[in-house]
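Not measured: the values here are computed from a predicted model.
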Amino acid sequence: MAVTSAAVTSAAVRIITTGAPVHWLLGPIGDRQLGQLRRWRNPPVYRPLVDLLTMEERHVIVTYRFDRATIQKLCTQLEPDLMSPIRHPTGIPPDVQVLSMLHFLASGSFQTTVAMASGMSQAMFSNVLSRVLSALLKHVWRYIIFPEVADLPTVKGDFYALGHIPNVIGATDGTHVALVPPHRSEQVYRNRKSYHSMNVQMVCLADQYISQVNAMFPGSVHDACILRNSSIPDMMGQLQRHRVWLLGDSGYPNLSWLLTQVRNPRTRAEERYNEAHGRTRRVIKRTFGLLKARFRCLHMTGGSLFYSPKKVCEILIACSMLHNLALRRQVPFLQEDDPDDGVVAAVEPVDSDEEEAEEEDNDNRESVIQQYFQ
């Protein structure tokens, strides 16, 4: 009896999925089909070790930085991009892919350690990390949002409560995230503290929500240079008729939309302005501290990131998105050694550029001091 190609294909699928020996089909199939079977003979086997439903809620938050409901919501959002086009028995479910990525970002461990905890090989986890990051970054516009005109009254009111400076809609600064640099351009990534990093510029709101992030520049680039080459000047230019400002440190120039402190205050009004500026701008340091405490892969204690600068940039943006998600969902930051289950008021070490930038628009700052701090 002749064996049709459809019958052979069906039989081959049954053998692959049931684990039957491949040599049972050596006769009926041709060389091309045999080559396909050989590639599937010893497929990578995924053994599920993670069961979110059996974990205590506190342990879920400590391990993945999110509660169970938020993780399920995130998995639902990313599932269309994480589902395999072919349902193979060794495929990794979307929820496990998301959990392994969250575990990696939260712990700062090596890929091998996270892969073992998730029940997969290191090579499988490497592919999973890339897939989940790619899927998450498609939704960056949902998570990182710069204030719009309708949001300005609320944003300005929140900042005014911090230090009584009016019309502030953000605090900006740069922070360094260590990485292993490319060999051909090692010196470009060496920062002023003599380690290799990416210099990440962020803008945050009064509640530590990250409203803008620029992770494209290596550690040797000055904060002021990153600011000039970012989208912030254009965005602030569109809002200038509303007379709003960002706050920055001495590493930035004093601009019509960016206020810095007075370097050598001579009057009581300038001193009061500096005090208010410092109280208000401190929120960006707290944001850096909480971000790096929540995602240890960004912290120096987690070691340097062993990825290309492009991949490090993707990780930085993904962590910023997830940081905002945790704030919006009001997920507490818990640690294993935190008996009070409280939010850690981490303060980022001062690592912004200490070199002073040239001031370009002192008249704007002087008018603010004269109007509000006399």
Side-chain angles (χ1 to χ4, degrees), residues 144-148 151-175 200-214 223-224 226-227 230 232-233 235-236 239-240 242-265 267-292 320 323-324 327 343-354 356-357 359-374:
I144 301 178
I145 305 171
F146 200 77
E148 299 180 350
D151 306 319
L152 295 184
T154 300
V155 174
K156 290 190 293 186
D158 293 341
F159 269 108
Y160 187 80
L162 295 180
H164 293 173
I165 298 183
N167 301 329
V168 176
I169 64 169
T172 185
D173 203 353
T175 186
V200 189
Q201 175 189 268
M202 293 185 182
V203 178
C204 77
L205 304 184
D207 60 355
Q208 302 182 42
Y209 179 92
I210 297 172
S211 59
Q212 199 272 348
V213 57
N214 188 331
D223 284 356
I226 297 177
L227 181 69
S230 70
I232 292 179
M235 292 188 294
M236 291 301 296
L239 298 174
Q240 269 307 282
H242 299 280
R243 202 180 182 223
V244 292
W245 303 297
L246 298 180
L247 301 184
D249 64 8
S250 60
Y252 294 104
N254 198 55
L255 304 173
S256 61
W257 47 266
L258 178 65
L259 299 178
T260 62
Q261 287 183 317
V262 179
R263 295 172 188 168
N264 299 301
T267 65
R268 181 56 187 155
E270 291 180 344
E271 292 176 353
R272 284 196 292 266
Y273 165 80
N274 277 0
E275 293 170 0
H277 188 287
R279 288 196 305 269
T280 307
R281 201 188 66 85
R282 199 174 297 137
V283 66
I284 186 66
K285 293 299 183 184
R286 293 198 298 268
T287 300
F288 289 153
L290 181 59
L291 175 69
K292 292 184 177 182
S320 301
H323 167 85
N324 287 348
L327 292 180
V343 176
V344 176
V347 177
E348 169 75 359
V350 177
D351 62 357
S352 59
D353 294 302
E354 293 177 351
E356 294 182 347
E359 298 185 355
E360 301 178 6
D361 191 352
N362 290 334
D363 292 341
N364 177 61
R365 185 176 62 191
E366 286 300 321
S367 66
V368 172
I369 295 175
Q370 293 296 326
Q371 185 175 358
Y372 298 107
F373 294 95
Q374 284 293 352

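Residues meeting the side chain to side chain donor-acceptor pair (under 3.5 Å) test with Gln240, sequence neighbours left out: none. Residues passing the side chain to side chain contact (heavy atoms under 4.5 Å, CB included) test with Thr154, sequence neighbours excluded: Asp158. Applying the side chain to side chain contact (heavy atoms under 4.5 Å, CB included) test to Gln374 and every residue at least two apart in sequence or in another chain returns Ala269, Gln370. Remark: Phe159 engages no residue in a ring pair (Phe, Tyr, Trp, His ring centres under 6.0 Å) (not counting sequence neighbours). Scored by the ring pair (Phe, Tyr, Trp, His ring centres under 6.0 Å) test, His277 finds Tyr273 as partners (sequence neighbours excluded). Partners of Tyr160 by ring pair (Phe, Tyr, Trp, His ring centres under 6.0 Å), not counting sequence neighbours, listed by chain and number: His164. Scored by the side chain to side chain contact (heavy atoms under 4.5 Å, CB included) test, Glu148 finds Asp151 as partners (sequence neighbours excluded).
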* To do: Walk me through it: do Asp249 and Gln261 pass the test side chain to side chain contact (heavy atoms under 4.5 Å, CB included)?
  => CA-CA 7 Å; Asp249 64 8; Gln261 287 183 317; over 6 Å; no
* Asked: Going through the distances and angles, do Glu275 and Arg272 end up as a salt bridge (charged side-chain N to carboxylate O under 4.0 Å, His left out)?
  -> CA-CA 5 Å; Glu275 293 170 0; Arg272 284 196 292 266; over 6 Å; no
* To do: Please report the C-alpha distance between Asn167 and Tyr372 in whole Å, then the side-chain angles of each, then the deciding distance to 0.1 Å, and finally whether the side chain to side chain contact (heavy atoms under 4.5 Å, CB included) criterion is met.
  => CA-CA 11 Å; Asn167 301 329; Tyr372 298 107; 4.0 Å; yes
* To do: Using the side chain to side chain contact (heavy atoms under 4.5 Å, CB included) rule, take Trp245 and Asn364 through it: C-alpha gap first, then chi angles, then the decisive distance, then the call.
  => CA-CA 10 Å; Trp245 303 297; Asn364 177 61; 3.5 Å; yes
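Distance CG/Asn214 to OG/Ser230: 6.0 Å, rounded to 0.5 Å. Taking CZ of Arg263 as the start and OG of Ser250 as the end, the distance is 6.5 Å to the nearest 0.5 Å. We find the CG-CG distance between Leu327 and Leu290 to be 6.5 Å, quoted to the nearest 0.5 Å. Taking CG of Leu259 as the start and CG of Leu246 as the end, the distance is 8.5 Å to the nearest 0.5 Å. Distance OG/Ser256 to CE/Met236: 8.0 Å, rounded to 0.5 Å. Atom CG of Asn274 is separated from atom CZ of Phe373 by 9.5 Å, given to the nearest 0.5 angstrom.
For the residue pair Thr175/Lys292, the side-chain donor-acceptor check at 3.5 Å is satisfied. Defined by atom type and a distance below 3.5 Å, a donor-acceptor pair is present between the side-chain atoms of Arg365 and Thr260.
In this structure, the side chains of Asp173 and Arg281 come closer than 4.5 Å at one or more pairs of heavy atoms. The side-chain heavy atoms of Thr172 and Tyr252, taken from C-beta on, include a pair separated by under 4.5 Å. Side-chain contact between Lys156 and His242: absent, with no pair of heavy atoms (C-beta onward) separated by less than 4.5 Å. Using a 4.5 Å cut-off on side-chain heavy atoms (C-beta onward), Trp257 and Leu239 make no contact. Proximity of Leu291 to His323: side-chain heavy atoms (C-beta onward) are separated by under 4.5 Å at one or more points. Ser211 places none of its side-chain heavy atoms less than 4.5 Å from the side chain of Ile144. Residues Val168 and Val244 have side chains not in contact (no heavy-atom distance under 4.5 Å, counting atoms from C-beta outward).
Scanning both residues, Gly251 and Asp223, for their nearest heavy atoms gives O-CB, 4.4 Å. Scanning all heavy atoms of the two residues, the minimum distance from Thr280 to Gly163 falls at OG1-CA, 3.3 Å. Between Arg243 and Ser367, the closest heavy-atom pair is NH2-OG, 3.9 Å.
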Donor-acceptor pairs are to be reported for all side-chain atoms of residues 200-207 against protein atoms at under 3.5 Å, with residues two or more places apart or in another chain.
from	atom 1	to	atom 2	distance (Å)
Gln201	OE1	Leu227	N	3.3
Asp207	OD1	Tyr209	N	3.2
Asp207	OD2	Arg328	NH1	3.2

